[in-house]
Amino acid sequence: MEQYVIKGGNSLVGDVEICGAKNAALGILAASLMTDESVIIENLPDVSDINVLIQAMESIGAIVEHLDRHTVKINSSLISSQTVDSIYIKKIRASYYMLGSLLGKYKRAEVALPGGCNIGSRPIDQHTKGFKALGADVKISHGRISAQAEKLVGNHIYLDVVTVGATINIMMAAVMAEGKTTIENAAKEPHVVDVANFLNSMGANIKGAGTDVIRIRGVEKLHGTTYSIIPDQIEAGTFMFAAAITKGDVMIKNIIPKHLESISAKLIEMGCEIEEFDESLRVVASKRLRQTHVKTLPYPGFPTDMQPQIVAALSLSEGLSVVTESIFENRFRYVDELTKMGASIKVEGNSAIVQGVGRITGAALSAPDLRAGAALVLAALAADGFSTVDDVVYIERGYEDFPEKLKSLGAMIEKVSTEQELTKFKLKVG
Ligand code: EPZ
């Protein structure tokens with residue numbers, strides 16, 4: 001079984017390049033199905049979630065050519081089916097974006113119902129509410145969701161909760177609907193804006209993305225484009241916390257500092273120095289971190305996708321911190337793993353109460369999901385001695401070359417798949 005083996009203790013120092021945003025890329029890839037002309041997408045991260053979505057797109061007839069590791073050319077003129085096989089949706093929930101894009105273009109789509117995910121219950125009622133408001137007949141049966149319409153007509157849609165997925169899905173379904181659509185209480189995440197910008201570059205007419213009211217005027221068709229995906233806010237934030245937890249000095253490159261403001265603000269409260277440049281940001285942590293309180297919120301609040309990483313860092317801080325999760329109810333499953341390392345954390349309802357300790361020690365750990373897996377790696381980098389992290393497939397869903405990037409900053413980490421490789425690493429780093 002593949003696992004990461006880590007020896008803690010080194011401060012991370014150096015420069016790291018951040019990839020394109022996975023969660024923007026998932027929406028953009030699905031949206032590329034909406035034109036018969038070729039689309040070139042640049043700055044695509046090479047992570048497994050993206051590669052699964054590409055396979056799902058190929059399975060219905062899209063032709064995807066890899067121009068280089070981070071650039072694809074997509075032609076969707078020969079799409080022969082609007083039914084997406086369940087194997088893809090089982091692997092990645094975001095293949096439900098094909099529902100919005102196929103419905104928007106072909107007025108029909110069918111995908112398997114996304115299953116429960118290990119960060120909590122993830123309903124799709126707001127997606128279906130939006131599709132219905134545009135005139136689609138939405139049916140759920142035999143574990144599948146289908147949506148079809150004679151024609152889609154713009155409407156006024158008020159989302160009951162702020163949801164990234166439903167905002168993106170409804171936006172895609174509405175861009176070629178007749179007339180005007182307004183999405184109120186829309187999500188404002190940078191990746192929502194990126195998908196809107198991408199659709200606009202294909203000829204859509206979307207205004208207001210990044211605010212809580214998005215206005216869409218339907219157009220007849222979309223055309224080809226070349227588009228570069230924004231940098232990944234969460235990958236950048238993860239490396240910022242990697243610098244903080246290891247008392248390091250890291251320059252995070254190829255980023256948009258504005259997207260990282262909530263993360264920078266917390267790191268400053270915790271005693272780090274942050275220097276901002278146009279497209280990079282330096283995090284310097286020279287002393288023990290201080291406690292803070294944080295609540296996850298939709299953008300521009302502190303992201304839920306950074307919650308495990310901040311808890312890992314606070315577990316080594318001075319004082320008592322309370323971290324409240326307000327987006328997903330089951331996102332503290334990694335806490336038991338941190339406890340194995342000697343962290344002092346108690347989960348009460350949707351809050352983790354973290355009593356900082358002076359040191360944590362290496363242990364055998366398992367990644368319960370993507371971001372929690374990354375947080376365990378960060379904890380291991382700051383722990384005394386060796387740790388192993390199993391189930392790295394979760395981490396590889398969203399982080400490109402994670403061990404290699406950490407290694408380039410001086411971390412002692414290796415991906416191994418046999419006992420011999422594990423022993424060899426231990427002998428090498430001593
Ligand atoms: C996106 O998930 C991200 N995934 C998640 O990142 C991220 O954690 C999340 O947004 C929040 O920022 C992708 O972009 C592919 P939501 P999504 O719809 O769209 C409730 C990662 O680690 N809700 O914004 O599925 C829902 O239960 C992943 O990269 C409804 O009630 O999240 C949650 O409480 C994990 N009804 C809240 O809204 C709905 O129809 C926000 O969910 C939809 C959502």
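Sequence positions, counted from 1, serve as the residue numbers for this chain. Each ligand, and each atom within it, is numbered from 1 in the order the structure gives.
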Atom indices of ligand 1, in the order listed, that fall short of 4.0 Å to a heavy atom of [X]:
{"X": "L26", "answer": "15 (C)"}
{"X": "Q126", "answer": "36 (N), 39 (C), 40 (O)"}
{"X": "R122", "answer": "2 (O), 17 (P), 25 (O)"}
{"X": "H127", "answer": "40 (O)"}
{"X": "R331", "answer": "8 (O), 22 (O), 35 (C)"}
{"X": "I124", "answer": "39 (C), 40 (O)"}
{"X": "T304", "answer": "8 (O), 11 (C), 12 (O)"}
{"X": "K22", "answer": "21 (C), 29 (O)"}

Are there over 12 heavy-atom neighbours, none belonging to [X], within less than 6.0 Å of that residue's [atom1]?
{"X": "E279", "atom1": "CD", "result": "no"}
{"X": "H142", "atom1": "NE2", "result": "no"}
{"X": "R144", "atom1": "CZ", "result": "yes"}
{"X": "K129", "atom1": "NZ", "result": "yes"}

Where [X] and [Y] come nearest, the two heavy atoms and their spacing:
{"X": "S76", "Y": "Y106", "answer": "O-OH, 3.7 Å"}
{"X": "A133", "Y": "I157", "answer": "CB-CG1, 3.7 Å"}
{"X": "L370", "Y": "G398", "answer": "CD1-N, 3.6 Å"}
{"X": "M34", "Y": "M172", "answer": "CE-O, 3.1 Å"}

- Query: What protein heavy atom sits nearest atom 43 (C) of ligand 1, and how far away is it?
  - Reply: P123 O, 3.2 Å
Within the structure, does [X] bring an N/O atom to less than 3.5 angstrom of an N/O atom in ligand 1?
{"X": "F328", "value": "no"}
{"X": "L370", "value": "no"}
{"X": "V164", "value": "yes"}
{"X": "G165", "value": "yes"}

- Does G398 reach ligand 1, in the sense of a heavy atom lying below 4.0 Å from it? no
- Could you tell me if any non-hydrogen atom of V162 lies under 4.0 Å from any atom of ligand 1? yes
Ligand 1 contact on [X] by region, counting heavy-atom pairs under 4.0 Å:
{"X": "D125", "value": "both"}
{"X": "Y394", "value": "neither"}
{"X": "A166", "value": "neither"}
{"X": "D305", "value": "side chain"}

- Query: What distance separates L376 CG from K340 NZ, expressed to the nearest 0.5 Å?
  - Reply: 9.0 Å
- Item | Distance in Å, K253 NZ paired with F277 CZ, rounded so as to fall on 0.5 Å steps | 10.5 Å
- Item | Centroid-centroid under 6.0 Å between F402 and F239 rings | yes
